[in-house]
K.L.:
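Structure in structure tokens, see below.
Each chain gets a letter, A, B and so on, in the order the sequences are listed, and its residues count up from 1.
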2 protein chains.
Amino acid sequence: MQVRQPTPAVQTLPSPGAIKVACSNCSLRELCLPMGLSPDELARVDAVITTRRKIKRKTPLFRNGERFHALYAIRTGVFKTCVVAEDGRDQVTGFQMAGEIVGLDGIVNDHHTCDAIALEDSEVCVLPFDRIGELSREVGALQHHLHRVMSREIVREHGVMLLLGTMRAEERLAAFLLNLVQRLQARGFSQSELVLRMTRQEIGSYLGLKLETVSRTFSRFAEEGLIEVHQRHVRILEVERLRALLTPAGAA
Amino acid sequence: MQVRQPTPAVQTLPSPGAIKVACSNCSLRELCLPMGLSPDELARVDAVITTRRKIKRKTPLFRNGERFHALYAIRTGVFKTCVVAEDGRDQVTGFQMAGEIVGLDGIVNDHHTCDAIALEDSEVCVLPFDRIGELSREVGALQHHLHRVMSREIVREHGVMLLLGTMRAEERLAAFLLNLVQRLQARGFSQSELVLRMTRQEIGSYLGLKLETVSRTFSRFAEEGLIEVHQRHVRILEVERLRALLTPAGAA
DNA sequence: CGAAAAGTTGATTGTCTTCAAAACTGGTGG
DNA sequence: CCACCAGTTTTGAAGACAATCAACTTTTCG
């Protein structure tokens, strides 16, 4: 996602010349799995995380059915994950960005149960799961982080279930936009401007809506002066009114 | 849940006189966390899991906001877990039965983020999380099981998202019933008869439907001869036609 | 540059929700 | 033990919201 802020928090994301491949000098360190580790613990993690993979736009990082052997930490770019039913309908289960971990679905049966597709040219760190498992037996903080990453994903999905189960179209889209800017802000981007890396169709799939409904709801938000939309470029004009959409009647 | 089969697989669930409190002689051993552990590994787990808690119907095992310190393995009974938004609307995120683990949501922030409520008088084993963590550093199989339990929950929730995002009322209810009997069957109960421990309202919350819609859909299924419904007692008459509801057009 | 993909907007339909009333169930106390 | 009452369930009628169908515009990318 885009629109870098003048006063950024965590930065130097792209690092084009690419220095050493190591968590210890990765700008996402404090957002990613090795968050809060001591220097020597970090060194041990570095020893395990040796490979990166570049994933081209519209290309899978992994696919449903593939053997699971690693988690992936996103360095740059954005991914979507989606599950498909036997009859072909599919559901986007999430959009992941820098510092987030994908692949947790593969642990339970040693095979991935969803697709992870890059929405733009991206780069991930490969975290071989058995090595991570071994190391986390020795480094307590890492073990706890791993548990937290999985637990966080469970809690996130609870939120999505709430959204899908109880919200109307406007509320869903408002929640979606607010979640997005919040995560972007944590990465040093603007809290009011964003570039969607996904199509209306993909947003709709995530939110349990048809693409036409997403489009219409964007238009309505724009008419009401809540946001400004130019294709995938969105500027949030009135965060508070957008937030208010999520607490319709009496906020407890 | 009910209706014990004449030819049961895993059984003696209630154990009324209550023998020793130990995974090693628990009938749910092969369904629960210690699945597949060796006898001496099992003994070490026994040392950590020393307490049980009885939870009365309609009573919370834990509540949103409470400090997290343990996972719970359900021994008998059924629970629901639900999240609530600030504005009060709530969403049932799952129904859990014997052998299943609840409380994973609490790991990430050391506080529970949902309520777990007993739907009938129930009993759980308390798994102190720090002790489990310690032990899983030494017992590799336990570590892996714990990871699998969390991953399984993530995958389960993907399925719920697919349901909430793409299915119509009939499909949702069919999926719900089929999931329920499948899990009951794995526990030695009938694959065609079940007693719902939850209200229409709770089913509706889980499925993203209003209780009236759930009721109507039950009635429609009954009219069509798919099931027989007497209050919370459900008998499945035509599993195949029920399954067929889930693959509407062309099954891939 | 041209074709394919993505997005917008309108009209109509369908499904589920809402509102309402009545019937049933199960638990409690007289 | 029975009556009663709150909670649950069923069913109907009307209304709302999003889906569908369709046409057209804009953008993207080879």
Side-chain angles (χ1 to χ4, degrees), chain A residues 56-59 80 89-92 117-121 163-177 195-224 227-234 245 248-249, chain B residues 2 56-59 80 89-92 117 119-121 163-177 195-224 227-234 245 248-249:
Chain A
K56 280 234 160 309
R57 189 170 125 85
K58 297 190 179 181
T59 290
K80 68 170 177 180
R89 48 184 159 195
D90 72 332
Q91 169 76 24
V92 171
I117 314 276
L119 296 181
E120 57 182 340
D121 293 357
L163 179 144
L164 291 172
T166 73
M167 292 186 183
R168 292 177 313 107
E170 290 197 351
E171 301 172 320
R172 295 184 194 197
L173 191 64
F176 172 72
L177 289 173
V195 176
L196 303 170
R197 293 278 101 117
M198 64 293 282
T199 66
R200 301 289 189 261
Q201 144 78 26
E202 286 163 335
I203 295 171
S205 171
Y206 179 61
L207 299 178
L209 301 170
K210 293 296 162 185
L211 66 92
E212 295 96 326
T213 305
V214 174
S215 179
R216 275 185 241 277
T217 308
F218 267 124
S219 301
R220 204 173 322 143
F221 282 178
E223 271 171 34
E224 291 174 5
I227 62 177
E228 234 176 66
V229 188
H230 297 107
Q231 307 94 243
R232 302 204 178 170
H233 213 105
V234 177
L245 287 179
Chain B
Q2 245 122 42
K56 281 233 160 307
R57 187 170 126 86
K58 297 190 178 180
T59 291
K80 68 169 177 181
R89 48 184 159 194
D90 72 331
Q91 169 76 24
V92 171
I117 314 277
L119 297 180
E120 58 182 340
D121 292 358
L163 179 144
L164 291 172
T166 73
M167 293 187 182
R168 290 176 315 106
E170 291 198 349
E171 302 171 319
R172 295 184 194 197
L173 191 63
F176 172 71
L177 289 173
V195 175
L196 302 170
R197 294 276 100 120
M198 64 293 284
T199 66
R200 302 289 188 261
Q201 144 77 27
E202 286 163 336
I203 296 171
S205 171
Y206 180 60
L207 299 178
L209 302 170
K210 293 296 163 186
L211 66 93
E212 296 95 327
T213 305
V214 174
S215 179
R216 277 185 241 275
T217 309
F218 267 124
S219 301
R220 205 174 319 143
F221 283 178
E223 271 172 34
E224 292 173 5
I227 62 177
E228 234 176 66
V229 188
H230 296 105
Q231 310 94 240
R232 301 203 180 171
H233 213 105
V234 177
L245 287 179

K.L.:
When you check the gap from the basic side-chain N to the acidic O, do Arg57(B) and Asp121(B) get nearer than 4.0 Å?
P.N.:
no
K.L.:
Once you round to the nearest 0.5 Å, how far does CZ of Arg216(A) lie from CZ of Arg200(A)?
P.N.:
13.0 Å
K.L.:
Salt bridge check, Arg89(B) against Glu171(A): does any charged N sit closer than 4.0 Å to a carboxylate O?
P.N.:
yes
K.L.:
When Leu196(A) is tested against each of Val229(A), Ile203(A), Leu119(A) for side chain to side chain contact (heavy atoms under 4.5 Å, CB included), which residue passes?
P.N.:
Ile203(A)
K.L.:
Find the distance Glu120(A):CD to dC29(D):P and express it as a whole number of Å.
P.N.:
12 Å
K.L.:
Nearest 0.5 angstrom please: Thr217(B) OG1 to Phe176(B) CZ, how far?
P.N.:
12.5 Å
K.L.:
Which is the 5'-most and which the 3'-most nucleotide of DNA chain C that has an atom under 4.0 Å from a heavy atom of chain B?
P.N.:
dC16(C) to dT25(C)
K.L.:
Could you give the distance from OG1 (Thr213(B)) to CZ (Phe218(B)), rounded to the nearest 0.5 Å?
P.N.:
12.5 Å
K.L.:
Pick from Arg197(A), Lys80(A), Arg232(A): which one makes a salt bridge (charged side-chain N to carboxylate O under 4.0 Å, His left out) with Glu120(A)?
P.N.:
Arg197(A)
K.L.:
Can you build the contact string for nucleotides 2-18 of chain D? Use B for base contact, S for sugar-phosphate-only contact, and - for no protein heavy atom under 4.0 Å.
P.N.:
------SSBBBB----S
K.L.:
Using a heavy-atom cut-off of under 4.0 Å over every strand shown, decide if Arg172(A) touches base, sugar-phosphate, or nothing.
P.N.:
nothing
K.L.:
Could you list the residues that satisfy salt bridge (Lys or Arg N to Asp or Glu O under 4.0 Å) with Glu228(A), not counting sequence neighbours?
P.N.:
Arg235(A)
